[in-house]
A.B. asks: 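Have a look at this one.
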Amino acid sequence: MSRLFGDVCDSVSDPYLRRACRLAERGRGTTSPNPVVGCVLVRDGRVVGEGWHERAGGPHAEAVALASAGDAARGSTAYVTLEPCAHVGRTPSCASALIEAGVGRAVIGTSDPHTLARGGAEMLSHAGVEVEFADDPAPFNELITEWLHFASTGTPFVRVKVALSLDGHSTLVPGSPSRISGREASALTMRLRSEADAVMVGVATALSDDPALTVRGDDGSAAARQPRRVLLGRASQPPASLRMLHDGAGVVTLLAPEGVPTEPMLARLVDTRSYALSDGLAGALNVLGGSGVVSLLVEAGPRLLTALYDGALIDELVLVHGGGMAGTSAPDLYLGADGATGSLAKPLHVVDAGRCGADAVTVWRPDEEGTYRAGTDRS
Ligand code: AOF
Ligand code: ZN
């Protein structure tokens, strides 16, 4: 139930919860490290207030909806995509705000597992507010998949994007002028970048493609909000001449193994974070999680894809299938020695598929046991 094709909100049967879902989506890309949340207040069959969470530190969805309803909130039903928070954090508790406003009933999409914020449903019931949960929490969990993953693991949700030729190669012969995927697929990449907190490539890809990793519009202009760019280094360091280090489009983090000193010229251009080489790629991802990266887009080349796959570190794989043949001199997609056993041992399953211009897109996730389960408290 991914979001690239089709709309998760469509599968919500209750019309007010569906509306709350749509409102939540308006915060997509700007709420991190908070989840997107939407709220609708209904009294006597009429919508009297609406709101969504726009940015971390700003008012929560319920507070916005209550403010828009004013006195009409008394005796209303609150439809919220996520359990109202019980805590006073950067903003007052939403559960107490709903109680104080005299809301009579709350219909909740899914529960909040966050250690500090959870417990709002119980608070509401204690205060005499009738509390109901949606029959199916799945679409509400899908709305905040990345955040739920982060809340339960402390590591970013890792979305890997790879473009694939018809004959299954992820890169063309170096120096080849043609691209694997078309213009529409580039717009899709921009969307994936714009919804991520950080975009990462390995040093090998940085060297061969010299990518900008920025979010740009159709006319090439840079978007106001840019994700953090991350260069994953191992033994080798990227050259200080890379385009992204000089375009002024925002921070570039160099994730480097401990004990490998960053060359002084490079050090001035990057924000260096180190990880223990013995902790491997999982350790590097933990470092990103620790610095507040909830969702990470990896634009992986074969080497990084192989390392992520073998480490079972992929939370979602987005494949863009182009219609051209790359030929036998193009590098293989997967470089693992034991491909057959590896792929059988850690299967992915398709969750979404569609057409993007002249290309096809498929979206894959790990099998169920590897995914977050609705209503499970793992915090
Ligand atoms: C809600 N409504 O609209 C949102 C909620 O950083 P704070 O203090 O704003 O709190 C963020 C936490 O509150 C976040 O981790 C999540 O558990 C919850 N988010 N809760 O009632 C909202 N955005
Ligand atoms: Zn709240």
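Keep in mind the model is a prediction, meaning the values are calculated, not measured. Whatever order the structure lists them in is the order used to number ligands and atoms, beginning at 1.
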A.B. asks: Can you list, by chain and residue number, every protein residue with a non-hydrogen atom closer than 4.0 Å to ligand 1?
C.D. replies: N34, P35, V37, H53, H60, A61, E62, E83, P84, C85, H87, G89, R90, T91, C94, D112, H114, A117, W147
A.B. asks: Within a radius of less than 6.0 Å around CZ of R46, do more than 12 heavy atoms belonging to other residues, nucleotides or ligands occur?
C.D. replies: no
A.B. asks: Is R105 atom CZ crowded by more than 12 heavy atoms from other residues, nucleotides or ligands, each under 6.0 Å away?
C.D. replies: yes
A.B. asks: Are any non-hydrogen side-chain atoms of V199 and V230 less than 4.5 angstrom apart?
C.D. replies: no
A.B. asks: Under a plain distance cut-off of 3.5 Å, with no hydrogens placed, do H349 and D367 share a side-chain donor-acceptor pair?
C.D. replies: yes
A.B. asks: Can you tell if the side chain of S274 reaches within under 4.5 Å of the side chain of V287, non-hydrogen atoms only?
C.D. replies: no
A.B. asks: What count do you get for protein N/O/S atoms less than 2.8 Å from the Zn ion (ligand 2)?
C.D. replies: 3
A.B. asks: Answer whether the closest heavy-atom distance between the side chains of L188 and L192 falls below 4.5 Å.
C.D. replies: yes
A.B. asks: Testing the basics here: between G58 and T91, what is the closest heavy-atom pair and its distance to 0.1 Å?
C.D. replies: O-CG2, 3.2 Å
A.B. asks: Is atom CD of E184 surrounded by more than 12 heavy atoms (other residues, nucleotides or ligands) closer than 6.0 Å?
C.D. replies: yes
A.B. asks: Inspect the surroundings of CZ in R234 and state if more than 12 heavy atoms from other residues, nucleotides or ligands are less than 6.0 Å away.
C.D. replies: no
